[in-house]
J.: 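I'd like to ask you about the structure that follows.
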Amino acid sequence: MIDKDLARRVFSCIDNTTLNATDNEKSVEAFCRRTMDMRLADGTTVAAVCVYPMFVGVAKRVLEGSGIRVASVAGAFPHGQLPLSLRLEEVHRVVEDGADEVDVVINRGLLLAGEYGAVCKEVAEMKSACKGRKLKVILETGELSPLLVRRAAQRAIDGGADFIKTSTGKIATGATIEAAEAMLNVVNENVKFNKKNIGFKVSGGIKTPEEALEYAGLAKKIVGNNYINNQTFRIGTSRLTESLYSLLTF
């Protein structure tokens, strides 16, 4: 049995995502308009639409006044394999184009080399480039051991990440309960001991309401019931939104 109250809260936490090689201005505009149409009876919408950098302006124009934020991937998504100066330039660009939130990938090469201070410094520079916009740092947990998931999560938080995020959705292994649990435990430790209220975003293969609610339930268990709101909890998806909307409206 689906918990409809939790499902409504989860719906309000969705980053409805289109990150396809075939995206174009017309398809992104249609995607944004469809996202706006998916408004619950009480006015609840998804939290954001997430797009590639070149479509931030389109999304911003279409979504204006809807209450739905514009998020953009940046920083050489999905691999991050460009010099830092170019990754920062891309972050600057999406902010100038109107992105409210920026999703970047952590430097896994530095992480795997044990250069944790450098990882933290890069995240800090990304945060500075956001000019006050929310920064979500993708760990790409499918490439990391459980220990490195924890280390990556903490270095991202130390660097100023507003959210830590599981996956890009561009490799075979996306989100897993095990990785989410490790990340949420790090979040909870920071909330309790460092008084940092860090957001968590799960993405990478979340397709059904049941899966989404499993992750939301895990976040509730570890961090607390009040954590499930769109200021601290997000689900990045390209397939869940329609099915969850249908569940809540029919």
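Heavy-atom basis, side chains included; hydrogens, waters and symmetry copies ignored.
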J.: Any side-chain heavy atom of K127 within less than 4.5 Å of one from R133?
T.: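 Not in contact.
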J.: For atom NZ of K121, decide whether the heavy atoms of other residues, nucleotides or ligands shown that lie under 6.0 angstrom number more than 12.
T.: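 No, because the 6.0 Å sphere around NZ of K121 holds 12 heavy atoms or fewer from other groups.
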J.: Do I157 and V123 come within less than 4.5 Å of each other through their side chains, counting heavy atoms only?
T.: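 I157 does not reach V123 side chain to side chain.
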J.: Tell me whether I171 is reachable from V202 by hopping between hydrophobic residues (I, L, V, M, F, W, Y) whose side-chain heavy atoms are closer than 4.5 Å.
T.: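 No, because V202 and I171 fall into different hydrophobic clusters, even though each may have its own neighbours under 4.5 Å.
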J.: Can you measure from CG (N16) to SG (C32) and round to the nearest 0.5 angstrom?
T.: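 It is 9.0 Å, given to the nearest 0.5 Å.
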J.: Does atom CZ (R39) have a neighbourhood of more than 12 heavy atoms from anything else shown, all under 6.0 Å?
T.: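 Count over threshold, so yes.
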J.: Just checking E210: does its CD atom have more than 12 heavy atoms from other residues, nucleotides or ligands closer to it than 6.0 angstrom?
T.: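 Enclosed.
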J.: Could you go step by step and tell me if R87 and E122 meet the salt bridge (charged side-chain N to carboxylate O under 4.0 Å, His left out) rule?
T.: CA-CA 10 Å; R87 285 181 277 145; E122 284 199 356; 2.9 Å; yes
J.: Run the side chain to side chain contact (heavy atoms under 4.5 Å, CB included) test on L19 and Y52 for me, step by step, so that the C-alpha distance in whole Å, both residues' side-chain angles and the decisive distance to 0.1 Å come before the verdict.
T.: CA-CA 6 Å; L19 295 172; Y52 276 121; 3.9 Å; yes
J.: Between atom CG of N190 and atom CG of N185, what is the distance when rounded to the nearest 0.5 Å?
T.: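 So the gap between those two atoms works out to 11.5 Å.
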J.: Rounded to the nearest 0.5 Å, what separates atom CZ in F31 from atom OG in S238?
T.: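 It is 7.0 Å, given to the nearest 0.5 Å.
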J.: Would you check, one step at a time, whether the test side chain to side chain donor-acceptor pair (under 3.5 Å) holds for T18 with N20?
T.: CA-CA 6 Å; T18 180; N20 303 309; 3.3 Å; yes
J.: Do you know which two heavy atoms are closest between I228 and A216, and how far apart they sit?
T.: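 So the two residues come closest at CD1-O, 3.5 Å.
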J.: Test: side chain to side chain donor-acceptor pair (under 3.5 Å). Region: residues 6-15. Which pairs qualify, not counting sequence neighbours?
T.: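 Residue pairs passing side chain to side chain donor-acceptor pair (under 3.5 Å), neighbours aside: R9-N225, D15-K136, D15-K201, D15-R234.
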J.: Strictly distance-based, threshold 3.5 Å: is any side-chain N or O of S128 a donor or acceptor partner for the main-chain N or O of E125?
T.: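 No: the side chain of S128 does not pair with the backbone of E125.
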J.: Is it possible for you to say whether F163 and V105 belong to one hydrophobic cluster, with membership spreading through side-chain heavy-atom contacts below 4.5 Å?
T.: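 Per the 4.5 Å side-chain linkage, F163 and V105 are not co-clustered.
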J.: Quick test of your reading: applying side chain to side chain donor-acceptor pair (under 3.5 Å), list the pairs with at least one residue in residues 71-86, sequence neighbours left out, ordered by first then second residue.
T.: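 Checked against side chain to side chain donor-acceptor pair (under 3.5 Å) - neighbours excluded - no pair reaches residues 71-86.
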J.: Can you confirm whether the side chains of T208 and E211 place a donor and an acceptor under 3.5 Å from each other?
T.: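 Indeed, the side chains of T208 and E211 share at least one donor-acceptor pair under 3.5 Å.
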J.: Do L244 and I14 come close enough that some side-chain heavy atom pair is under 4.5 Å?
T.: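 The answer is yes, as the side chains (C-beta and beyond) meet within the 4.5 Å cut-off.
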J.: Is the backbone N or O of V191 less than 3.5 Å from a side-chain atom of N194, with the two atoms forming a donor-acceptor pair by type?
T.: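 Such a contact is absent between N194 side chain and V191 backbone.
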J.: Going by heavy atoms in the side chains, are T241 and M38 under 4.5 Å from each other?
T.: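 T241 vs M38: side chains touch.
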J.: Does the distance from a Lys or Arg side-chain N to an Asp or Glu carboxylate O, for R69 and E101, drop under 4.0 Å?
T.: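 So R69 pairs with E101 through a salt bridge.
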J.: Report yes if some heavy atom in the side chain of L148 is under 4.5 Å from a heavy atom in the side chain of L112; otherwise report no.
T.: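 Yes, at least one pair of side-chain atoms sits under 4.5 Å.
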J.: Distance from Y215 atom OH to C13 atom SG, nearest 0.5 Å?
T.: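 These two atoms lie 16.0 Å from each other.
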J.: State, with a plain yes or no, whether a side-chain heavy atom of M36 is found less than 4.5 Å away from one of T45.
T.: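 No, their side chains stay 4.5 Å or more apart.
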J.: Output the distance between atom CG (L240) and atom CZ (F11), rounded to the nearest 0.5 Å.
T.: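 Going from CG on L240 over to CZ on F11, the span is 9.0 Å.
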J.: More than 12 foreign heavy atoms under 6.0 Å from CE of M54: is that the case here?
T.: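 Counting neighbours around CE of M54, 12 or fewer heavy atoms of other residues, nucleotides or ligands fall under 6.0 Å, so no.
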J.: Hey, are R34 and E242 close enough for a salt bridge, meaning a charged N less than 4.0 Å from a carboxylate O?
T.: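 Between E242 and R34 there is a salt bridge, with a charged N closer than 4.0 Å to a carboxylate O.
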J.: Crowded around E25 CD? As in, over 12 foreign heavy atoms under 6.0 Å?
T.: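 No.
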J.: Checking side-chain polar atoms at under 3.5 Å, does D42 have a donor or acceptor matched by the opposite partner on T44?
T.: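 Their side chains do contain a donor-acceptor pair, which is all the 3.5 Å distance test asks for.
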J.: Does a salt bridge link R33 with E29, judged by any charged N lying under 4.0 Å from a carboxylate O?
T.: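 So R33 pairs with E29 through a salt bridge.
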J.: Where do V119 and L111 come nearest, in terms of heavy atoms and distance?
T.: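 Heavy atoms only, the tightest pair is CG2-N, 3.7 Å.
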J.: How close do V223 and N188 get, counting heavy atoms only, and between which atoms?
T.: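 Nearest heavy atoms, V223 then N188: CA-OD1, 3.9 Å.
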J.: Is there a side-chain contact between V73 and V104 in this structure, where contact means two heavy atoms from C-beta onward sitting under 4.5 Å apart?
T.: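 With C-beta onward as the side chain, the pair stays apart.
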J.: To which residues is L86 joined in a hydrophobic cluster, defined by side-chain heavy-atom contacts under 4.5 Å among Ile, Leu, Val, Met, Phe, Trp and Tyr, whether direct or through other members?
T.: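 L82, listed by chain and number.
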J.: Would you sort out whether L139 and T166 count as a side chain to side chain contact (heavy atoms under 4.5 Å, CB included), showing the intermediate values?
T.: CA-CA 6 Å; L139 308 187; T166 57; over 6 Å; no
J.: Name all pairs fulfilling the salt bridge (charged side-chain N to carboxylate O under 4.0 Å, His left out) condition that reach into residues 174-195, sequence neighbours left out, sorted by first residue then second.
T.: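 Qualifying pairs: R150-E189.
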J.: Where is the tightest heavy-atom contact between Y227 and V187, given as atom of each residue plus distance?
T.: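 In this case the closest contact between Y227 and V187 is OH-CG1, 3.6 Å.
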J.: Return the minimal non-hydrogen interatomic distance between A175 and S203, and the atom names on each side.
T.: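 Between these two residues, the closest heavy atoms are CB-O, 3.3 Å.
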J.: So does L135 get a backbone contact from the side chain of D162, meaning a donor-acceptor N/O pair under 3.5 Å?
T.: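 Pair found, side chain donor or acceptor close to backbone of L135.
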J.: Work out which heavy atom in Y245 is nearest to a heavy atom in D37; give both atom names and the distance.
T.: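 Scanning both residues completely, I find the closest heavy atoms to be OH-O, 3.7 Å.
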J.: Linking Ile, Leu, Val, Met, Phe, Trp and Tyr by side-chain heavy atoms under 4.5 Å, what else ends up with F250?
T.: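 In the cluster with F250 there is nothing else; it is isolated.
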J.: Output the distance between atom CD1 (I68) and atom CG (N230), rounded to the nearest 0.5 Å.
T.: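 One finds 11.0 Å between CD1 of I68 and CG of N230.
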J.: Between D97 and R93 (salt bridge meaning N to carboxylate O under 4.0 Å), is one present in this structure?
T.: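 Salt bridge flag = yes for R93 with D97.
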J.: Applying side chain to side chain contact (heavy atoms under 4.5 Å, CB included), can you list everything that pairs with D158, at least two apart in sequence or on another chain?
T.: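 Side chain to side chain contact (heavy atoms under 4.5 Å, CB included) check on D158 returns C120, Q154, R155, K196.
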J.: For residues M126 and V102, determine if any side-chain heavy atom of one lies less than 4.5 Å from a side-chain heavy atom of the other.
T.: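 SC-SC contact between M126 and V102 ruled out.
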